[in-house]
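First up is the structure itself, then whatever we jot down about it.
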Amino acid sequence: MATYAELLDVYLRDPGPESLRALREAILEAPNFRPDLEITEMIAPMMSVGDYAGAIAAVHGLMPGAIFSPSAHAALADAQRGLGNLEQAQRESILAQSALDSIISTGEGTESEPWSVLRTSDAYDVVLASGKTPRSQVAVGKLDRIVCTDSTVWFFDTSNDFVRA
């Protein structure tokens, strides 16, 4: 069986539906995978006092379940930058953007073609990366509908049926 790193490398080299499906299936099977993962809130106290090494250790402690979480990789990038590790920060920034791009590749964000996410925080990562501010979230069947303060409405599939036919 391929390792998480190998599956991630395959996806990054060929970011298609099949390589994304294989990576996501492995993440879902990780013993510490949590759909309710909230990395930003968890490490905010450490980051606010400059405990970048502690933040990195905390996020690494959530792996492999947190692999390819945009929030996880963005947090690692910020913490590595705080330590002056610019090469590692750049790598984590690329992983955060790739994770966001992978979500966008799964749909259109509409009710009929929602974006697929592994975690609720992934949906918020997409909203925030778009420059929008979420106002409300409500479950609509197997979908989460997020309405932004500018009235933009996006739909996210949380059922883990992750790839469009």
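Given the structure is predicted, the values throughout are model-derived calculations rather than measurements.
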Check your understanding: Is the shortest heavy-atom distance from the side chain of S69 to the side chain of D122 under 4.5 Å?
Key -> yes
Review point. If you look at every heavy atom in A123 and V117, which pair is closest and at what distance?
Key: N-CG1, 3.8 Å
Check your understanding: Do Y124 and L143 belong together in a cluster built from hydrophobic side chains that touch within less than 4.5 Å?
Key -> no
Check your understanding: Do the side chain of S98 and the main chain of L95 share a donor and acceptor less than 3.5 angstrom apart?
Key -> no
Point to revise | Flag, side chain of S121 to backbone of L37, donor-acceptor distance under 3.5 Å | key: yes
Revision key, fill the gap. Residues at least two apart in sequence or cross-chain that pass salt bridge (Lys or Arg N to Asp or Glu O under 4.0 Å) with R34, listed by chain then number, are D36
Point to revise | Connected via hydrophobic side-chain network under 4.5 Å: Y4 and L12 | key: yes
Practice item. Would you please say whether a donor-acceptor pair under 3.5 Å links the side chains of R81 and S93? Key: yes
Point to revise | Backbone of I146 reached by a side-chain donor or acceptor of W154 within 3.5 Å | key: no
Review point. To the nearest 0.5 Å, what is the distance between CD1 (I94) and CG (D101)?
Key: 11.5 Å
Practice item. List the steps and the verdict of side-chain contact (heavy atoms from CB on, under 4.5 Å) for Y52 and M47. Key: CA-CA 6 Å; Y52 305 120; M47 295 294 286; 3.7 Å; yes
Practice item. Any chance you could measure I56, atom CD1, to I43, atom CD1, to the nearest 0.5 Å? Key: 9.0 Å
Check your understanding: Below 4.5 Å, heavy atoms only, C-beta onward: do L62 and I39 meet side chain to side chain?
Key -> yes
**Study point:** Worked verdict on L28 versus L118 for side-chain contact (heavy atoms from CB on, under 4.5 Å)
**Key:** CA-CA 8 Å; L28 287 171; L118 295 177; 3.9 Å; yes
Point to revise | Side-chain heavy atoms of T106 within contact of R24, under 4.5 Å | key: yes
Review point. Under a single-linkage definition using a 4.5 Å side-chain heavy-atom cutoff for Ile, Leu, Val, Met, Phe, Trp and Tyr, are M42 and F33 assigned to the same hydrophobic cluster?
Key: yes
Review point. Hey, does L23 have a side-chain heavy atom less than 4.5 Å from the side chain of V10?
Key: no
Exercise for review: Indicate yes or no: at least one non-hydrogen side-chain atom of D78 is less than 4.5 angstrom from one of H73.
Suggested key: no
Practice item. Supply the atom-to-atom distance L128 CG to T40 OG1, rounded to the nearest 0.5 angstrom. Key: 8.5 Å
Point to revise | Pairwise side-chain contact, I27 with P64, heavy-atom cut-off 4.5 Å (strictly under) | key: no
Review point. So which heavy atom on A58 is nearest to which on M46, and how close?
Key: CB-CE, 3.8 Å
Check your understanding: So, for M63 and A66, which heavy atoms are closest and what is the spacing to 0.1 Å?
Key -> SD-C, 3.6 Å
Review point. Would the F68 and Y11 ring centres measure less than 6.0 Å apart?
Key: yes
Point to revise | Test item: N85 side-chain N/O and Q88 main-chain N/O as donor-acceptor pair under 3.5 Å | key: no
Check your understanding: Counting N and O atoms only, with roles assigned by atom type, does the side chain of E6 sit under 3.5 Å from a partner on the main chain of T3, one being a donor and the other an acceptor?
Key -> yes
Practice item. Give the intermediate values and the outcome of side-chain contact (heavy atoms from CB on, under 4.5 Å) for residues I103 and S116. Key: CA-CA 6 Å; I103 295 167; S116 169; over 6 Å; no
Check your understanding: Do D144 and T158 have a side chain donor and acceptor closer than 3.5 Å?
Key -> no
Exercise for review: State the SG-CZ distance between C148 and R135, to the nearest 0.5 angstrom.
Suggested key: 8.5 Å
Check your understanding: Would D125 and R119 count as a side-chain contact (heavy atoms from CB on, under 4.5 Å) if you check the C-alpha gap in whole Å, the side-chain angles of each, and the deciding distance to 0.1 Å?
Key -> CA-CA 10 Å; D125 291 339; R119 308 164 195 89; over 6 Å; no
Point to revise | E111 side, atom CD; F155 side, atom CZ - distance, nearest 0.5 Å | key: 4.0 Å
Practice item. Identify the two heavy atoms, one from A74 and one from A96, that lie closest to each other, and give their separation to 0.1 Å. Key: N-CB, 3.7 Å
Practice item. Output the distance between atom CG (D14) and atom OG (S19), rounded to the nearest 0.5 Å. Key: 5.0 Å
Check your understanding: Under 4.5 Å between any side-chain heavy atoms of P114 and F156, yes or no?
Key -> no
